[in-house]
Amino acid sequence: MEHSATISIAPSRSSSAPAWDHLVRTDQVHGSLYTDPVIYQEELRKIWFRTWVYVGHESEIPNANDYVMKSIGPEPVIMTRDKTGTIHLLHNRCAHRGNRVCMSEQGNARSFTCPYHGWTFANDGDLKGYPFPSGYEGVDRRELGLGRVARVGNYRGFIFGSMAAEGPTLGEHLGAAAGAIDALCDTSPEGEVEITAGFLKHKVKANWKFLVENETDGYHPSFVHASIFEVAQSGIGTLYSAESTAVSRDFGNGHTENDLRPEFRKRDVPMSWFGTTADKLPDYVEKMNAAHGQEKARQVMIDGTPHIMIFPNLFIAEIQIFVIQPLGVDETVQHVTALQFKGAPDLNRRLRQQTMGSVGPAGFLLADDAEMYERTQMGVQMRNPEWLYLGRGKHRERRDENGFLIGDNTDEVPTRGIWRHYKSMMEAD
């Protein structure tokens with residue numbers, strides 16, 4: 001449904017879609033963008049149900065007929081691998097009366113049967129049959145299969161879906177962010193990431209955009225995470241200090257990163273990004289040298305894995321990934337799991353342990369962030385001031401050697417980039 005009316009930026013909230021110039025400025029955004037349910041519905045239509053959204057990883061369904069429940073925005077999606085190995089993204093809704101056909105989180109099945117009237121669908125979405133077929137004489141079964149996500153894309157095992165039949169290709173959407181996925185995969189001796197450690201789900205009473213902004217906000221760690229940095233004596237805090245040589249970057253298309261490589265290269269120590277030294281992972285180092293050659297392997301192990309937010313929902317955070325799922329204007333779930341690298345069991349064990357310590361049920365990092373999300377959500381309910389200021393470091397924005405906007409690691413270059421892309425998508429017909 002198209003809307004032509006504008007939203008007021010006065011204290012009262014409008015029930016019509018907004019004029020985006022009145023809500024998104026160069027260095028400010030209006031508080032209603034996080035609280036207005038009409039805006040949230042427009043976001044679903046123009047962002048979540050139009051652009052490419054990360055859904056899952058092919059390693060989660062390694063065998064023929066495997067499936068796992070995923071989502072695009074708030075909508076449940078079944079990611080399946082059929083008997084030929086082809087991956088499908090299916091809407092979890094029976095074509096008959098709309099009941100869900102799959103209630104299990106994951107499994108292995110050639111078909112799904114709706115519990116309401118017994119309609120059965122193959123794991124590629126085709127309707128296989130229904131009870132008492134004489135009642136359906138002349139019906140074309142091909143028109144009554146499960147809904148399919150319009151486009152499915154696979155980049156280095158990362159599965160993306162777009163509900164729009166037309167639009168930019170996955171490669172065009174990822175742009176330079178694809179290089180971060182490449183760098184992540186290069187950290188594996190076999191060039192592949194595996195998502196096999198299982199997911200934790202963290203629900204917060206906050207708008208999804210607060211999470212997207214926070215993932216590459218290099219300004220908050222020194223304050224929000226000060227206690228755990230001090231207790232762990234990890235040295236991470238120095239990466240986000242005013243003296244850090246790390247940079248923040250806007251890749252365009254809403255993709256942003258904190259590039260920590262300048263700091264790691266200055267230290268020139270393999271595996272320091274992981275808080276350890278290479279001698280503690282002899283099997284991993286040996287396999288990396290064999291796979292890449294000593295010179296490249298050493299550089300990969302110095303640079304480490306990326307810290308990048310791939311818009312709108314995939315956050316690669318060095319040792320883990322977060323998948324952001326909006327459930328409502330003020331409710332969001334983060335699905336988090338430890339990264340695992342094929343052929344690196346000694347590194348993988350440490351990755352799981354560190355992930356549990358940082359973002360597990362008793363972890364501190366995610367609890368710190370969750371508290372900030374919910375406090376901020378409460379704050380934007382207030383009417384004064386109406387605007388949020390995003391101007392940190394604007395005076396020192398610059399272009400890197402590839403033409404991307406960068407700033408100091410504590411600058412709000414990523415946040416401004418996210419909002420520029422957001423505005424362009426919301427203004428599109």
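For the single chain, residues carry numbers from 1 onward in sequence order. Nothing here was measured: the structure is a model prediction, and the numbers come from that model.
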Quiz item: Any salt bridge between Glu374 and Lys205, counting N to O under 4.0 Å?
Solution: no
Quiz prompt | Residue pair Asp368 / Phe223, side-chain heavy-atom distance below 4.5 Å | solution = no
Quiz item: Heavy-atom count around Phe364 CZ within 6.0 Å, excluding the residue itself: above 12?
Solution: no
Quiz prompt | No-hydrogen, no-angle side-chain donor-acceptor test under 3.5 Å, Thr84 and Asp82 | solution = yes
Quiz prompt | Close side-chain approach of Gln299 to Arg265, heavy-atom, < 4.5 Å | solution = yes
Quiz item: Judged by atom type as modelled, is there a donor-acceptor pair below 3.5 Å linking the side chain of Arg100 to the main-chain atoms of Pro76?
Solution: no
Quiz item: For Phe274, is the NZ or CZ atom of Arg350 found under 6.0 angstrom from the centre of its six-membered ring and inside 45 degrees of the ring axis?
Solution: no
Quiz item: Do Lys209 and Asn207 touch side chain to side chain, with heavy atoms closer than 4.5 Å?
Solution: yes
Exercise. Report, as yes or no, whether the 6.0 Å neighbourhood of atom NZ on Lys203 holds more than 12 heavy atoms from other residues, nucleotides or ligands.
Key: no
Quiz item: Is the OH atom of Tyr155 crowded by more than 12 outside heavy atoms at less than 6.0 Å?
Solution: yes
Quiz item: Is any side-chain N of the basic residue among Asp182 and Arg156 closer than 4.0 Å to the acidic one's carboxylate O?
Solution: yes
Quiz prompt | Side-chain donor-acceptor contact under 3.5 Å, His307 with Glu318 | solution = yes
Quiz item: Is a side-chain donor-acceptor pair under 3.5 Å present for Glu213 with Trp419?
Solution: yes
Self-check item: Ring centroid separation Phe112 to Phe121 under 6.0 Å
Solution: no
Quiz item: Would the number of heavy atoms belonging to other residues, nucleotides or ligands and lying under 6.0 Å from CZ of Arg420 be above 12?
Solution: yes
Self-check item: Smallest separation among heavy atoms of Leu239 and Glu263, with atom names
Solution: CD2-CB, 3.6 Å
Exercise. Using only heavy-atom distances, determine whether the side chains of Gln320 and Thr355 contain a donor-acceptor pair under 3.5 Å.
Key: yes
Quiz item: Quick one: salt bridge (charged side-chain N to carboxylate O under 4.0 Å, His left out) partners of Arg349, sequence neighbours excluded?
Solution: none
Exercise. For the pair Tyr54 and Phe158, name the ring-plane relationship: parallel under 30°, tilted 30 to 60°, perpendicular over 60°.
Key: tilted
Quiz item: Short question: side chain of His30, backbone of Ser32 - any donor-acceptor pair under 3.5 Å?
Solution: yes
Quiz prompt | Side-chain donor or acceptor of Asp250 paired with backbone N/O of Val413 under 3.5 Å | solution = no
Quiz item: Heavy-atom distance under 4.5 Å between the side chains of Pro361 and Met356, does that happen here?
Solution: yes
Quiz prompt | Residues forming a ring pair (Phe, Tyr, Trp, His ring centres under 6.0 Å) with His421, sequence neighbours excluded | solution = Phe311
Practice problem: Using only heavy-atom distances, determine whether the side chains of Tyr373 and Asn214 contain a donor-acceptor pair under 3.5 Å. | Solution: yes
Quiz item: For atom CD of Glu166, is the number of surrounding heavy atoms from other residues, nucleotides or ligands below 6.0 Å larger than 12?
Solution: no
